Amino acid sequence: MRFSVTTSPIDKPKANLRAVAVFHKRKLGTQGEVLDAVLEERISGVLKAGEMDGGVGNTLLIPSVAKGSPGTLLIGLGPRKDFSVKSVRKASAALARILVERPAETVAVALDDMLPPDQRIGWLVHTLVSAIGDAGYRFTAYKGKEEVKPVRLKTVVLCVTEEQAPEAERACAEAEAILAGSDHTRDLANAPPNVMYPEALAEAARELAAKHRKLKATVLDEKELRKLGAGAILAVGQGSERPPRLIALEYSGAGKEDAPIVLVGKGITFDTGGISLKPGEAMDEMKYDMCGAATVLGVIKAVSELKLPLNVVGVITSAENMPDGRACRPGDIVTTLSGQTVEILNTDAEGRLVLCDALTWVERFKPKAVIDIATLTGACIVALGHHASAVLGNDEALIDALKKAGITSHDRTWELPLWEEYQEQLKSNFADMANIGGRPAGTITAACFLARFAEKYSWAHLDIAGIAWKSGKEKGATGRPVPLLMQYLLDQAST
Ligand code: BES
Ligand code: MN
Ligand code: ZN
């Protein structure tokens with residue numbers, strides 16, 4: 001799917017379908033009036049007949065008069081007095097759903113009528129492109145041709161005013177790159193776990209690096225991890241036939257003296273729980289336990305395509321958590337890369353183990369900030385459900401920047417406290433710490449564990465267990481939090 005921006009009025013671009021907004025009580029906007037005049041008042045005629053009242057998210061398709069001439073799609077935006085980001089978001093989702101179901105290959109959308117008074121055109125472009133991209137995503141790699149109904153939509157032309165054009169064009173390029181990034185994240189995450197294992201993630205990183213001049217991939221295999229002393233990653237991976245990997249993708253978009261932002265993704269390509277085996281129900285969804293890693297790859301792809309003037313390092317810490325004769329046991333004590341020892345009381349708390357060695361390893365990049373991204377705790381879903389990721393960390397400014405980027409991108413994150421008091425729950429009788437902290441505040445104690453390995457730099461942790469994928473009928477990866485992290489990086493690039 002391609003998106004482009006034009007300043008020509010809605011009736012001018014070559015399109016199979018033109019979409020215009022209708023407000024409550026059948027009122028048209030400026031572009032709607034233009035199109036109505038061109039169509040000899042067909043739109044106002046249909047509205048007068050009471051076929052559509054302009055309620056938020058209501059839509060009406062007016063077929064073309066003559067063969068070959070474009071059809072018209074009306075999108076309801078509700079009453080003018082309630083015209084807001086909320087109504088536009090709802091209308092965009094409804095519009096997107098229809099556009100990807102229609103046979104139209106090219107559609108033109110009148111954007112200037114859809115812009116709420118308190119918003120910028122860039123915001124609207126981002127909102128619309130991500131809604132259409134989201135609705136148009138399909139994962140069909142393993143489906144027979146008969147069953148797949150392809151999306152016909154290829155080109156979306158966004159009509160804006162002269163004045164809006166420069167900002168709209170910039171936003172369009174950003175939004176397309178973010179979409180490409182989150183689609184990549186979704187493809188990697190949806191891939192089955194027999195295909196997507198640690199070395200496959202390493203290969204995905206090498207492939208990305210081969211496509212962009214400013215990217216460099218480094219992969220540490222299990223021998224190198226042993227030499228390094230990454231005892232925690234190795235412990236998690238030792239029960240699997242597929243050995244662990246530690247992967248770095250270095251993007252250099254700024255000078256050498258510019259300290260990089262480091263993103264660390266949890267890449268458990270399948271989480272059975274290990275010897276502390278998970279219950280069988282919905283265990284297939286634990287293929288999504290590498291969504292943090294997939295997010296890192298999606299973000300690095302988008303950053304490279306946009307050529308952002310920043311240095312960014314994407315790190316993936318990957319293993320498969322399996323029960324086996326060689327697997328680690330509850331009670332095992334391992335020495336982490338930091339030298340601190342951990343008593344593994346539950347082999348299902350493996351995410352923090354692969355992450356802790358990676359957090360020590362990234363000290364070598366002398367980072368400006370480190371953000372880890374992980375499907376870390378079921379407790380996070382209990383706390384926040386499926387709407388927000390949890391954010392915790394040791395730097396209030398970094399956390400605030402992430403919260404702000406989450407609001408802008410509507411890929412929101414909510415802070416949980418990382419108070420000293422919670423650290424007590426990680427006490428072990430036999431090692432420096434245990435890898436679990438009991439039932440209370442599971443998301444916080446997981447972050448407390450990570451905090452002990454992230455003391456040397458500014459750090460934030462995103463628990464994405466509730467937002468990275470959907471279950472049930474709509475089962476599939478969401479591509480979140482690529483939009484959140486991209487907005488954060490765009491904000492960083494512009495300050
Ligand atoms: N990958 C899981 C977390 C998870 C579970 C994410 C369900 C999404 C849905 C993680 O490795 C895990 O198993 N965490 C345990 C930690 C516990 C043993 C302290 C959990 O949340 O139950
Ligand atoms: Mn687990
Ligand atoms: Zn896990």
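Not measured: the values here are computed from a predicted model.
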Tested for side-chain hydrogen bond (donor to acceptor under 3.5 Å, both in side chains) against Thr375, the lone hit among Thr295, Asp271, Asp289, Asp463 is Asp289
My understanding is that only one of Ile132, Thr155, Val157 makes a side chain to side chain contact (heavy atoms under 4.5 Å, CB included) with Phe3; could you say which?
Ile132
What I'd like to find out is whether the side chain of Leu201 reaches to under 4.5 Å of the side chain of Thr269, using heavy atoms alone.
yes
Any donor-acceptor N or O pair under 3.5 Å, side chains Gln164, Arg120:
no
Any donor-acceptor pair under 3.5 Å linking the side-chain atoms of Trp459 with those of Asp372?
yes
If only atom types and distance count, is the side chain of Asp357 paired as donor or acceptor with the main-chain N or O of Ile233 below 3.5 Å?
yes
Distance to the ring centre below 6.0 angstrom and angle to the axis at most 45 degrees; does that hold for Arg186 and Tyr137?
yes
4.5 Å side-chain heavy-atom contact, Ile444 and Leu392
yes
Taking the side chain as C-beta and beyond, is there a heavy-atom pair between Tyr422 and Pro417 under 4.5 Å?
yes
Going by distance alone, is a donor N or O of one side chain under 3.5 Å from an acceptor N or O of the other, for Asn394 and Glu455?
no
Considering only heavy atoms from C-beta outward, does the side chain of Leu249 approach that of Val296 to under 4.5 Å?
no
Steps toward salt bridge (Lys or Arg N to Asp or Glu O under 4.0 Å) verdict (Lys456, Glu363)
CA-CA 8 Å; Lys456 296 198 177 139; Glu363 286 170 12; 3.8 Å; yes
Does one side chain, of Thr443 or Thr377, offer a donor that lies under 3.5 Å from an acceptor on the other?
yes
Do Leu353 and Asn435 have side chains that get closer than 4.5 Å, going by heavy atoms?
yes
Within-4.5 Å side-chain heavy-atom neighbours: Ile316 and Leu246
no
